[in-house]
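Predicted model, so just to flag it, every value in this text is computed and none were measured. Below, chain A is the first sequence line, B the second, and so on; all start at residue 1.
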2 protein chains.
Amino acid sequence: MLKLSTKGRYGVKAMFDLAQHMGEGPTSLKSIAERQGISEHYLEQLVSGLRKAGLVKSVRGAQGGYLLGREPDKIKIGDIIRVLEGPIAPTDCVSEEDPEICSKAEFCVTRAIWEKVRDSIADVLDSITLETMLEDAKKIESERNLYMYYI
Amino acid sequence: MLKLSTKGRYGVKAMFDLAQHMGEGPTSLKSIAERQGISEHYLEQLVSGLRKAGLVKSVRGAQGGYLLGREPDKIKIGDIIRVLEGPIAPTDCVSEEDPEICSKAEFCVTRAIWEKVRDSIADVLDSITLETMLEDAKKIESERNLYMYYI
DNA sequence: TTATATCTTATAAAAACACTCGGGATTTGT
DNA sequence: ACAAATCCCGAGTGTTTTTATAAGATATAA
C-alpha cells in the first residue's frame, strides 16, 4: 500500500529530535525514546544503521549518546529513509539500486508509471532536510504563540 | 519501503490488457493471465474487487470474460490502485481515508512530510489514465518501427 | 448437455514487520 | 576500584501481510 514501515517513521522522528537538541552535548537513546514514544531497544537497531551510514555519531559511556553526523542542512529525509528502508522502489523493476531488469522493460508502459512514482517520492524526500524541519517547527511555534496572544 | 504489492501491479497490467483488447468482446481471465504471466486464480480475486468497484464488467458463461467498466480515459491508475491496495497512505496518520488523528497532529512536522509524499504519489497516479497508457504504447510502437526501418 | 467461464470461500506457506531479550564493551562520577 | 549509565551486537519470537492454491458452485454459448 505504498506504506512506510516504523523504521522510516521512527528514524525520521529520532533524527529530528537530535536536530532539536543540537548544542546540548550527546543525546541518549533513552531520552529520545521517551520523548517520541518509541521502544528504546528497537530504536537501538535503527540508530545502529544510521551510525554506520554516518548520519549520526555516537559517544559511548555514561553521559554518552548520539550527535548528528553532519549539519542539519546536509541531512535529507531521503538519506534517512534510504538507510532504514532501503532504496526507493515502488516495484523491484524501478528500484533506485540495481533494478531487476525485465526483458520487456523498454516497451513496458506500466514500468514508466512506477518510474514516475519513484521519482516523485524521491523528489519530495530529497527536498526536505532536518534544517527545513527545524524552520517549519519554529514557524509553527511562533504561529501558535500568536494565536495564544489573541486569546 | 514504499512498495506496491503484486495486487496493484497485476491489477494495472490486467486493466491495461483489457484496454488493449477493447472492441473484441469479453476478454477471459485465462488469456490475460497467460499474456501477463500472472496466476489465473490469483487474478480472479483481484478482478472481483475491480468488478465490485465498477471498473470492469463481467460476462459469465462460455465465451465470457471481462470488459472495461467505462471509457479508458475515465479510468485513472489511481482508481485501480485504491481499489486493490486501499487508500494511499504512506502512514496511517495521513491516509486518504479516515486518517488516524493523533493529538499532536497540528504541530507535527514529520506528519507534514508524509502528507507531501501522499499527495505527490496521488498526483502521479491520478494524472495517468488507461487512455494515456494506450497512447504511450502506440508511441513506443511507432518509435520502434522507425528504429527497425533504419536497420 | 458439455465445455467454458465467472464467482465464492477456505486454507496455507512464506515473507515482512515490530519488537524483545540477553549479554558485552566503554566511559563517567564517587 | 566500583557502580551506573550508555552504547553495541546478535538471536529469537509472535503477529500480520502477502501471495497464492484449491475446491466447488453458478451461468451461458454452442
Side-chain angles (χ1 to χ4, degrees), chain A residues 1-14 18 21 24-34 36-69 81 84-87 89-92, chain B residues 1-11 13-14 17-18 21 24-34 36-69 81 84-87 89-92:
Chain A
M1 307 169 180
L2 292 167
K3 243 187 197 107
L4 227 57
S5 76
T6 52
K7 287 181 194 167
R9 286 188 286 128
Y10 292 177
V12 172
K13 278 191 174 195
L18 279 182
H21 292 86
E24 301 173 14
T27 307
S28 74
L29 280 192
K30 195 183 173 191
S31 67
I32 298 178
E34 271 172 14
Q36 305 296 334
I38 302 172
S39 147
E40 186 183 343
H41 270 297
Y42 190 41
L43 193 53
E44 243 171 26
Q45 294 178 21
L46 309 187
V47 172
S48 162
L50 295 172
R51 185 176 54 81
K52 281 164 192 162
L55 294 181
V56 301
K57 281 180 288 201
S58 66
V59 180
R60 299 184 71 167
Q63 317 310 320
Y66 291 89
L67 303 163
L68 288 185
I81 297 290
L84 296 172
E85 310 242 6
T91 69
D92 287 335
Chain B
M1 308 168 181
L2 292 167
K3 247 195 192 98
L4 225 57
S5 77
T6 51
K7 287 182 194 168
R9 286 189 287 128
Y10 291 178
K13 278 192 174 195
D17 192 294
L18 279 182
H21 292 86
E24 302 172 14
T27 307
S28 73
L29 281 192
K30 194 181 174 190
S31 67
I32 297 178
E34 270 171 14
Q36 305 296 334
I38 304 172
S39 147
E40 184 185 346
H41 274 297
Y42 189 40
L43 194 53
E44 247 171 23
Q45 294 176 23
L46 308 187
V47 172
S48 162
L50 296 171
R51 185 177 53 82
K52 282 166 191 160
L55 294 181
V56 301
K57 281 181 287 201
S58 66
V59 178
R60 299 184 71 166
Q63 317 309 320
Y66 291 90
L67 303 163
L68 288 184
I81 297 289
L84 295 172
E85 310 241 8
T91 68
D92 287 333

Point to revise | Residues touching DNA chain D, which here means a heavy atom under 4.0 Å, drawn from residues 51-61 of chain B | key: B/Arg60, B/Gly61
Review point. Can you tell which of D/dC7, D/dA29, C/dT8 lies closest to the side chain of B/Ala62?
Key: D/dA29
**Study point:** Axis bend over the full length of the helix from C/dT1-D/dA30 to C/dT30-D/dA1, computed from five pairs that close each end, to 10 degrees
**Key:** 10°
Revision key, fill the gap. Residue set satisfying side chain to side chain contact (heavy atoms under 4.5 Å, CB included) with A/Gln36, at least two apart, ordered chain then number -> A/Lys13, A/Asp17, A/Ile32, A/Ile38
Produce the list of close N/O pairs, under 3.5 Å, pairing protein atoms with atoms of nucleotides 16-22 of chain D; give distances to one decimal.
{"unit_1": "D/dT19", "atom_1": "OP2", "unit_2": "B/Thr6", "atom_2": "N", "d": "2.9"}
{"unit_1": "D/dT19", "atom_1": "OP2", "unit_2": "B/Thr6", "atom_2": "OG1", "d": "2.8"}
{"unit_1": "D/dT19", "atom_1": "O5'", "unit_2": "B/Thr6", "atom_2": "OG1", "d": "3.3"}
{"unit_1": "D/dA20", "atom_1": "OP2", "unit_2": "B/Tyr10", "atom_2": "OH", "d": "3.0"}
{"unit_1": "D/dT21", "atom_1": "OP2", "unit_2": "B/Ser39", "atom_2": "OG", "d": "3.2"}
{"unit_1": "D/dT21", "atom_1": "O4", "unit_2": "B/Gln45", "atom_2": "NE2", "d": "2.5"}

**Study point:** By side-chain hydrogen bond (donor to acceptor under 3.5 Å, both in side chains) - contacts of A/Thr91 (at least two apart)
**Key:** none
Practice item. Take atom CG of A/Leu18 and atom P of D/dC7, then tell me their distance rounded to the nearest Å. Key: 10 Å
Pairs of donor and acceptor atoms involving the side chains of residues 44-60 of chain A, under 3.5 Å and at least two apart or interchain, shall be tabulated with distances.
{"unit_1": "A/Ser48", "atom_1": "OG", "unit_2": "A/Lys52", "atom_2": "NZ", "d": "3.4"}

Practice item. Figure out the CG/C1' separation between B/Leu46 and C/dT6, and round it to whole Å. Key: 15 Å
Review point. Residues two or more places apart in sequence or in another chain: which of them pass side chain to side chain contact (heavy atoms under 4.5 Å, CB included) with A/Gln63?
Key: none
Exercise for review: Taking side chain to side chain contact (heavy atoms under 4.5 Å, CB included) as the test, write out the residues that go with A/Ala33, two or more places apart.
Suggested key: A/Glu40, A/Leu43
Report, one line per pair, each donor and acceptor closer than 3.5 Å where one atom sits in a side chain of residues 1-10 of chain A; sequence neighbours left out.
{"unit_1": "A/Lys3", "atom_1": "NZ", "unit_2": "B/Asp92", "atom_2": "OD1", "d": "3.4"}
{"unit_1": "A/Ser5", "atom_1": "OG", "unit_2": "A/Lys7", "atom_2": "N", "d": "3.2"}
{"unit_1": "A/Ser5", "atom_1": "OG", "unit_2": "A/Glu85", "atom_2": "OE1", "d": "3.3"}
{"unit_1": "A/Ser5", "atom_1": "OG", "unit_2": "A/Glu85", "atom_2": "OE2", "d": "3.1"}
{"unit_1": "A/Thr6", "atom_1": "OG1", "unit_2": "A/Tyr42", "atom_2": "OH", "d": "3.0"}

Point to revise | Gap separating the CG atom of B/Leu67 from the NE2 atom of B/His21, nearest 0.5 angstrom | key: 13.0 Å
Point to revise | Heavy-atom closest contact (B/Tyr66 atom, B/Leu18 atom, distance) | key: O-CD2, 3.4 Å
Exercise for review: Could you check how far CG of B/Leu50 sits from C1' of C/dC7, rounded to whole Å?
Suggested key: 14 Å
Point to revise | d(CG, A/Leu84; C1', C/dC17) in whole Å | key: 14 Å
Check your understanding: To the nearest Å, how far apart are A/Lys30 NZ and D/dA5 C1'?
Key -> 9 Å
Point to revise | Length of the OH-C1' vector between A/Tyr66 and D/dA5, whole Å | key: 13 Å
Point to revise | Considering all heavy atoms, the nearest A/Pro26-A/Gly64 contact | key: CB-C, 3.7 Å
